[in-house]
2 protein chains.
Amino acid sequence: MIGQDILNEEKLEELAEFFKALSHPVRLRIISILIEGKQCVKNLGELLNLSQPSVSQHLSILRSRGIVGWKREGSIICYYIKDERVKKIYNLLIKEEENGG
Amino acid sequence: MIGQDILNEEKLEELAEFFKALSHPVRLRIISILIEGKQCVKNLGELLNLSQPSVSQHLSILRSRGIVGWKREGSIICYYIKDERVKKIYNLLIKEEENGG
DNA sequence: TGCGTATATTAAATAATAATAATTTTTTGG
DNA sequence: CCAAAAAATTATTATTATTTAATATACGCA
C-alpha cells in the first residue's frame, strides 16, 4: 500500500510530535541560538527578551521531545542541540535559502 | 547578535506555521502519499480510512500554507506536493533513516 | 433542468497549547 | 545553616486546534 511501508502509526505520531515542538517562533529562535553554540537558560532569556519561566517552559518541550540536551555547569544549566535531525533541517531550510537554494 | 541575522520575526512566524502544518499524523500520511504521486480527495479518504470532510479539512490546512497544490481534472480534484521543502525534509527524515542515516 | 458524485465549508463541542504569575527546587558561598 | 541566584514546576486563564456532524457548492450527464 502506498506510503505505508515506511511510516507506521507510531512513527507518524513521533514525527508529528517532533514537528509540533518546532511549531513555535520562540522555540525556533531558541534552536537557532543553540545551533550557534550551547547557552544557559539565563542567557537565552536575555537574548529572547523573555521571562525565565517562559524560557524554561519552551525548553522543557524541546527537552521532552529529545531535541535539546542539557548539562549542569556549576550553578547554571547549559542547553545544546541533541537531535541531529534539527541541524539538518536548519541547514536545509535556512542556510541553503541564503544562497537561493 | 546571535541567530538573528537570518531569522527575522516574520520569517520565524512563517517557519512555525510551516511546521505546524506538518504536526499532525494524518497530514504527514497525506504528504507521504502525495510524495509518491498526485491523488484525488476520494482516494486519499479511502487510503486514510477517513471521512471526506475530514480529509478536506486537512488538505485545506496544507493548501493554505502552500504545501500542496491542486488541479481539477474533470469531476475530481487532484492534490500534489507543491512546496519542495517538504520533499527535502521527507528525504532527510524518512528515506535516509532507512539506510541508518 | 434535475440527479448523483466529488469536494468544500460551517458549526458546535472538546481537547490541547500558550501566556502569565506565583511557587518551589537546587546550588553556591558566607 | 542561611540567603541569593538559577532554573523548574504549578496553577490559572485565554487562545487555538481537533473532531464530528451537518450543510453547501461545483461539475457531468441524462
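All chains are named by letter (A, B, ...) in the order of the sequence lines, taking the proteins before the strands, and each is independently numbered beginning at 1.
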Discussion item. Contact between A:Lys82 and A:Val68 at the side-chain level, heavy atoms closer than 4.5 Å - yes or no?
Written reply: no
Phosphate oxygens OP1/OP2 of [N]: is one of them under 4.0 Å from a side-chain N or O of [X]?
{"X": "A:Lys20", "N": "C:dT17", "answer": "yes"}
{"X": "A:Arg72", "N": "C:dT27", "answer": "yes"}
{"X": "B:His24", "N": "D:dT19", "answer": "yes"}
{"X": "B:Arg27", "N": "D:dT18", "answer": "yes"}
{"X": "A:His58", "N": "C:dT17", "answer": "no"}
{"X": "A:Ser75", "N": "C:dT27", "answer": "no"}
{"X": "A:Tyr79", "N": "D:dA8", "answer": "yes"}

In whole Å, what is the span from the [atom1] atom of [X] to the [atom2] atom of [N]?
{"X": "B:Asn49", "N": "D:dT20", "atom1": "CG", "atom2": "P", "answer": "12 Å"}
{"X": "A:Lys71", "N": "D:dA8", "atom1": "NZ", "atom2": "P", "answer": "15 Å"}
{"X": "B:Leu59", "N": "C:dT7", "atom1": "CG", "atom2": "P", "answer": "10 Å"}
{"X": "A:Phe19", "N": "C:dA16", "atom1": "CZ", "atom2": "C1'", "answer": "20 Å"}
{"X": "A:Lys42", "N": "D:dA6", "atom1": "NZ", "atom2": "C1'", "answer": "9 Å"}
{"X": "A:Arg65", "N": "C:dA16", "atom1": "CZ", "atom2": "C1'", "answer": "11 Å"}
{"X": "A:Leu50", "N": "C:dA21", "atom1": "CG", "atom2": "P", "answer": "12 Å"}
{"X": "B:Trp70", "N": "C:dT9", "atom1": "CH2", "atom2": "C1'", "answer": "14 Å"}

Worksheet item: Is any N or O donor-acceptor pair between the side chain of B:Gln57 and the base of C:dT7 shorter than 3.5 Å?
Response: no
Worksheet item: Between A:Lys20 and A:Glu13, is the closest basic N to carboxylate O distance under 4.0 Å?
Response: no
Discussion item. Less than 4.0 angstrom from a charged side-chain N to a carboxylate O is my criterion; do B:Glu46 and B:Lys42 meet it?
Written reply: yes
Identify which nucleotide among [options] has an atom closest to any side-chain atom of [X], counting heavy atoms from C-beta outward.
{"X": "A:Ile77", "options": "D:dA6, C:dA6, D:dA8", "answer": "D:dA8"}
{"X": "B:Arg63", "options": "C:dT7, D:dA8, C:dT9", "answer": "C:dT9"}
{"X": "B:Ser56", "options": "D:dC27, D:dT9, C:dT7", "answer": "C:dT7"}
{"X": "B:Ile76", "options": "C:dT7, D:dA8, D:dT20", "answer": "C:dT7"}

Worksheet item: In terms of the nearest nucleotide of DNA chain C, which residue is placed more toward the 5' end: B:Cys78 or A:Ser51?
Response: B:Cys78
Response to the item:
Comparing nearest nucleotides in DNA chain C, the 5'-proximal residue of the pair B:Asn43, A:Ile61 is B:Asn43
Discussion item. Against the six-membered ring of A:Phe18, is A:Arg85 placed for a cation-pi contact (under 6.0 Å from the centre, within 45° of the normal)?
Written reply: yes
Discussion item. Over 60° means perpendicular and under 30° means parallel, so tell me whether A:Phe19 and B:Phe19 are parallel, tilted or perpendicular.
Written reply: parallel
Worksheet, complete the sentence: Here the gap from A:Ser56 atom OG to A:Leu50 atom CG, rounded to the nearest 0.5 Å, amounts to 11.5 Å
Worksheet item: Closest nucleotide of DNA chain D for B:Glu17 versus for B:Gln52: which of these residues is on the 5' side?
Response: B:Glu17
